[in-house]
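Worksheet for the structure shown next.
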Protein chains: 2
Amino acid sequence: MESQDLKRAGLKATLPRLKILKFLEESKQRHMSAEEVYKALLEAGDEVGLATIYRVLTQFESAGLVTRHHFDEGHSVFELNLGEHHDHIVCVRCGRVDEFVDEIIEERQHRIAEEKGYEMTDHALYIYGICPDCRKTQGRGPRTQGRGKAN
Amino acid sequence: MESQDLKRAGLKATLPRLKILKFLEESKQRHMSAEEVYKALLEAGDEVGLATIYRVLTQFESAGLVTRHHFDEGHSVFELNLGEHHDHIVCVRCGRVDEFVDEIIEERQHRIAEEKGYEMTDHALYIYGICPDCRKTQGRGPRTQGRGKAN
DNA sequence: TTCTAAATGCGAAAACTTCTCATTCCGTTC
DNA sequence: GAACGGAATGAGAAGTTTTCGCATTTAGAA
Ligand SMILES: [Mn+2]
Ligand SMILES: [Mn+2]
Ligand SMILES: [Zn+2]
Ligand SMILES: [Zn+2]
């Protein structure tokens, strides 16, 4: 039961928060904008106000339940925190997102922060490119899976 | 004369474009938002419409004259392209921005894109942390140099 | 100088996010 | 399980950043 997850995170188990958390857990897409969560819940008949979606996602972020990303779009993208930290490689053609972890890069980042005298609090690495599928389909943007520019 | 730079970039040497380019070259701050460029020109008596600032910076980006960054703020930050590519470490307290290049990271990124089957088009690495100065001043945000949250 | 396509400035509008505040809900107390 | 009080929600207004539409101006060629 998700209520426990919320309680543990220091949040009251309200209906909107439960709906949002449940949705994030069950969605096939791991990376979603507030708007996308809103629309998906709407379709599922679990409507939650958009303002609440934004508030709750921000609270989840503070509580460590989700991570907020800033891909080169213009809006925030959220992801449920499951296992470990990871970085992203994003298709500029269709919006597909793949994940990866590279210990060497992680380690270098720490060293760089140290060298510069910074106390590192966070870091974000985004690789942009054309995914395998889109490389085949040379023409304009192909299958608009995920969140493609083509919306 | 900057007109040549513009012509070379395939852009007509208009007054607004010249003002913006000149300003970017002479400004002490290397990383600036459209709004900051707008205000600075305004103060200098070289007012250019904000819409034009946005248009021109986007054109400069397409022409390879500037690079657009998306620090974890909510707006774009632009930087004149001088030498080589580099990444950024940003102070979350005062907004200070330092730059660095790490060949190992660069190389790993290429390898990752390759492994995932992506044709890399770009990449961005942002390290966030507390800068040396801000670490000394433990309290709330100290000197609001650069573009700090404290505006 | 004249001419034309391109660029600019302005305000309107779009896109995303936060805020305000009346209403509702959660969780605790009785 | 009814009552209470503070926290959370919903709806719309408002804030931010960026783009758009179009009348007017300008760069650069003729
Ligand atoms: Mn992810
Ligand atoms: Mn830089
Ligand atoms: Zn793709
Ligand atoms: Zn600092």
Side-chain angles (χ1 to χ4, degrees), chain A residues 1-21 23 31-39 41-42 45-63 65-66 68-78 95 147-151, chain B residues 1-21 23 31-39 41-42 45-63 65-66 68-78 147 149-151:
Chain A
M1 200 184 277
E2 292 86 353
S3 337
Q4 300 314 314
D5 300 313
L6 291 175
K7 300 261 176 67
R8 222 172 294 129
L11 296 171
K12 256 197 325 198
T14 66
L15 224 41
R17 298 213 263 236
L18 286 169
K19 287 178 184 173
I20 294 170
L21 182 55
F23 171 73
H31 310 90
M32 321 239 315
S33 69
E35 187 80 27
E36 286 170 328
V37 173
Y38 174 71
K39 284 181 184 159
L41 288 178
L42 219 182
D46 284 321
E47 180 162 9
V48 173
L50 184 55
T52 300
I53 302 269
Y54 274 105
R55 266 186 308 237
V56 169
L57 287 174
T58 299
Q59 292 159 351
F60 282 6
E61 183 189 19
S62 299
L65 292 176
V66 309
R68 181 195 303 258
H69 301 294
H70 299 278
F71 298 154
D72 270 9
E73 298 177 308
H75 55 261
S76 295
V77 172
F78 301 85
R147 160 190 46 272
K149 303 283 183 188
N151 289 349
Chain B
M1 198 184 279
E2 292 87 352
S3 338
Q4 300 315 312
D5 300 312
L6 290 176
K7 300 262 177 66
R8 223 172 293 129
L11 297 170
K12 257 200 320 199
T14 65
L15 225 41
R17 298 214 263 237
L18 286 168
K19 287 178 183 172
I20 294 171
L21 181 55
F23 172 72
H31 309 91
M32 322 238 313
S33 68
E35 186 80 27
E36 286 170 328
V37 173
Y38 173 72
K39 284 181 183 156
L41 287 179
L42 218 182
D46 282 323
E47 181 163 7
V48 173
L50 184 54
T52 300
I53 303 267
Y54 275 104
R55 267 186 305 236
V56 168
L57 286 174
T58 300
Q59 293 158 351
F60 281 7
E61 183 189 19
S62 299
L65 292 176
V66 309
R68 180 196 304 256
H69 300 294
H70 296 90
F71 297 155
D72 270 9
E73 298 177 304
H75 55 261
S76 295
V77 172
F78 300 84
R147 160 191 45 271
K149 302 283 182 185
N151 287 349

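We name chains A, B, ... by the order of the sequence lines, and we start the count at 1 in each one.
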Next on the checklist: Just to verify, which of A:His69, A:Met32, A:Arg68 counts as forming a side chain to side chain contact (heavy atoms under 4.5 Å, CB included) with A:Phe78?
Outcome noted: A:Arg68

Checklist entry - Do A:His70 and A:Ser76 come within less than 4.5 Å of each other through their side chains, counting heavy atoms only? => result yes

Item to check | Under 3.5 Å side-chain donor-acceptor pair for A:Thr58 and A:Arg55 | outcome: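 The criterion, which ignores hydrogens and geometry beyond distance, is not satisfied for A:Arg55 and A:Thr58.
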
Starting at [atom1] of [X] and ending at [atom2] of [N], how long is that distance when rounded to a whole Å?
X: B:Ile20; N: C:dA7; atom1: CD1; atom2: P; result: 13 Å
X: A:Arg17; N: C:dG27; atom1: CZ; atom2: C1'; result: 13 Å
X: A:Tyr38; N: C:dC16; atom1: OH; atom2: P; result: 14 Å
X: A:Lys39; N: C:dC16; atom1: NZ; atom2: P; result: 9 Å
X: B:His70; N: C:dC16; atom1: NE2; atom2: C1'; result: 13 Å

Next on the checklist: Tell me the closest heavy-atom pair linking B:Phe60 and B:Leu6, and the distance in Å.
Outcome noted: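 Taking B:Phe60 first and B:Leu6 second, the nearest heavy atoms are CE1-CD2, 3.6 Å.
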
Item to check | Minimum heavy-atom distance between A:Ala34 and A:Leu50, given as atom pair plus value | outcome: O-CD1, 4.3 Å

Which pairs would a plain distance check flag for residues 11-21 of chain A, meaning a side-chain donor or acceptor within less than 3.5 Å of a matching protein atom at least two apart in sequence or in another chain?
residue : atom : partner : partner atom : Å
A:Thr14 : OG1  : A:Arg17 : N            : 3.4
A:Arg17 : NE   : A:Lys12 : O            : 3.0
A:Arg17 : NH1  : A:Gln59 : OE1          : 2.8
A:Arg17 : NH2  : A:Lys12 : O            : 3.4

Checklist entry - Between atom CG of B:Leu42 and atom CD of B:Glu35, what is the distance when rounded to the nearest 0.5 Å? => result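 One gets 9.5 Å once the value is rounded to the nearest 0.5 Å.
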
Checklist entry - Rounded to the nearest 0.5 Å, how far apart are CG of A:Leu41 and CZ of A:Phe23? => result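 So the CG of A:Leu41 and the CZ of A:Phe23 are separated by 6.0 Å.
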
Can you check nucleotides 28-30 of chain D for protein contacts, nitrogen or oxygen pairs under 3.5 Å, and list what you find?
residue : atom : partner : partner atom : Å
D:dG28  : OP1  : B:Ala13 : N            : 2.9

Checklist outcome for this item: Per-nucleotide protein contact along nucleotides 10-20 of chain D, 5' to 3', at a 4.0 Å heavy-atom cut-off (B base, S sugar-phosphate only, - neither), is BBB----SBBB

